[in-house]
2 protein chains.
Amino acid sequence: MKQTDTKTLILDVAQELIQRLGVNCMSYQDISNSVGIRKASIHTHFPRKDDLLAALLDRYSDRFLRMVDGILASSDTPEVKLRRYCGLFETTLSSGDRDKVCLCAMLGAELKTLNHPLVERVRCFYEANEERLVTLLNDGRADGSFRIDEDVQTTASLIFGLLEGGMLVARVRGGSDQFHQVIEQLMQFIKV
Amino acid sequence: MKQTDTKTLILDVAQELIQRLGVNCMSYQDISNSVGIRKASIHTHFPRKDDLLAALLDRYSDRFLRMVDGILASSDTPEVKLRRYCGLFETTLSSGDRDKVCLCAMLGAELKTLNHPLVERVRCFYEANEERLVTLLNDGRADGSFRIDEDVQTTASLIFGLLEGGMLVARVRGGSDQFHQVIEQLMQFIKV
DNA sequence: GTCTATAGCGCGATAGAC
DNA sequence: GTCTATCGCGCTATAGAC
């Protein structure tokens, strides 16, 4: 049973700050205050800010996609699987101070301020999610639970865009409650 | 015939910078370089940065909602009106360097870094848009062109969330082409 | 690995001449 | 209204002691 090391604590705090404020309002000083370490010491673990962001994105992407794959591998029906997938985004929005969005939603919005290696990571996260959605939608179409016309990829883009982008909008209006209803209506559109 | 004054030029450049990079990467120095004026002179027109942002949001909101009201007041069918409304967002994404999003989409993402008077303006923009959408959807339901179940307000939130939030996601994947297809599929969901 | 100290830069904002 | 000059701050990053 290993205790949480400093590196992990730094990543935890950085992630929370970005999810709330954005990458350009997350500073080594802010992390320093929360972790209880001097800001110069952070450079021991992550020499440059891009190193920290790359490590953070890799960790986040791994964790998130592992949860998604867990859902896909379950024995649930496609409809339940899709609901559970949407639930991942709902949980992010409603957890803690209720003002956190997906890490890659914030980074996507601030994409033009990121360096190339980070841009690629965000893009990969989006693509990986849409790939999983395509699989899920095809399964649901095969067993007759979803009514999807021709272009499954576009439907996947629609769903992901609504979840990932819509949570940024939902936060402005004040809530995960409204976000939940929107997702429910999306399900009605897709269900046969 | 009045020529474009400095104040307008400053707002134009500031808007472009925010739509591309976000509010926290828009500086008086950047504006200075593009407008061809020293950065100290900008304070003559907008003493504090929040003054500039407030004026910018008011101008943007007025212009955008005037276009929306123009669409609503036209003699088009509800379906055409909705397509034209979606077109406003498509145009933003495909104009210029193809990497601009709605001003209030960026500000919504960075909401937690804004001061209260600005937060209210973003919130009002969202509400005003959803109000117009509710009207449009009710019209379409009345004349039988839209098949919407019970909760028109939720459908409006869904559409606005997909347009406003989805354009942030679409920009990452590379395009207004994909965004256009997503909107087309949304129309298929809504049409009777 | 953590600390103190500091370099070097960009930022928003102000003062005062023209 | 625009300019030059400057202040004070926060930022990323580095150097060197412990």
Round to the nearest Å and state the distance from [X] atom [atom1] to [N] atom [atom2].
| X | N | atom1 | atom2 | value |
| --- | --- | --- | --- | --- |
| A/Lys7 | C/dG1 | NZ | P | 8 Å |
| B/Asp5 | D/dT2 | CG | P | 10 Å |
| B/Tyr28 | C/dG10 | OH | P | 19 Å |
| B/Gln29 | C/dG10 | CD | C1' | 8 Å |
| B/Arg38 | C/dC11 | CZ | C1' | 16 Å |
| B/Lys39 | D/dT4 | NZ | P | 13 Å |
| A/Ile37 | C/dG1 | CD1 | C1' | 8 Å |
| B/Lys49 | C/dG10 | NZ | C1' | 11 Å |

Self-check item: Residue closer to the 5' end of DNA chain D, B/His45 versus A/Phe46 (nearest nucleotide)
Solution: B/His45
Quiz prompt | Flag if over 12 foreign heavy atoms under 6.0 Å of CZ, B/Arg147 | solution = yes
Any [X] side-chain N or O less than 4.0 Å from OP1/OP2 of [N]:
| X | N | value |
| --- | --- | --- |
| A/Arg48 | D/dA13 | yes |
| B/Ser41 | D/dC3 | yes |
| A/Thr6 | C/dT2 | yes |
| B/Thr44 | D/dG1 | no |
| A/His43 | C/dG1 | no |
| B/Ser27 | C/dC11 | yes |

Quiz item: Any idea which of C/dT14, C/dT2, C/dC11 is nearest the B/Ala40 side chain?
Solution: C/dT14
Quiz item: Which listed nucleotide (D/dC11, C/dC11, D/dC3) is nearest to the side chain of B/Asp30?
Solution: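 Closest nucleotide to the B/Asp30 side chain: C/dC11.
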Self-check item: Any donor-acceptor N or O pair under 3.5 Å, side chains A/Gln185, A/Gln181
Solution: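 The answer is no; no qualifying pair exists.
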Is a side-chain donor or acceptor of [X] paired with a backbone partner of [Y] at a separation under 3.5 angstrom?
| X | Y | answer |
| --- | --- | --- |
| B/Thr155 | B/Asp151 | yes |
| B/Arg171 | A/Ala109 | yes |
| A/Thr44 | A/Ser41 | yes |

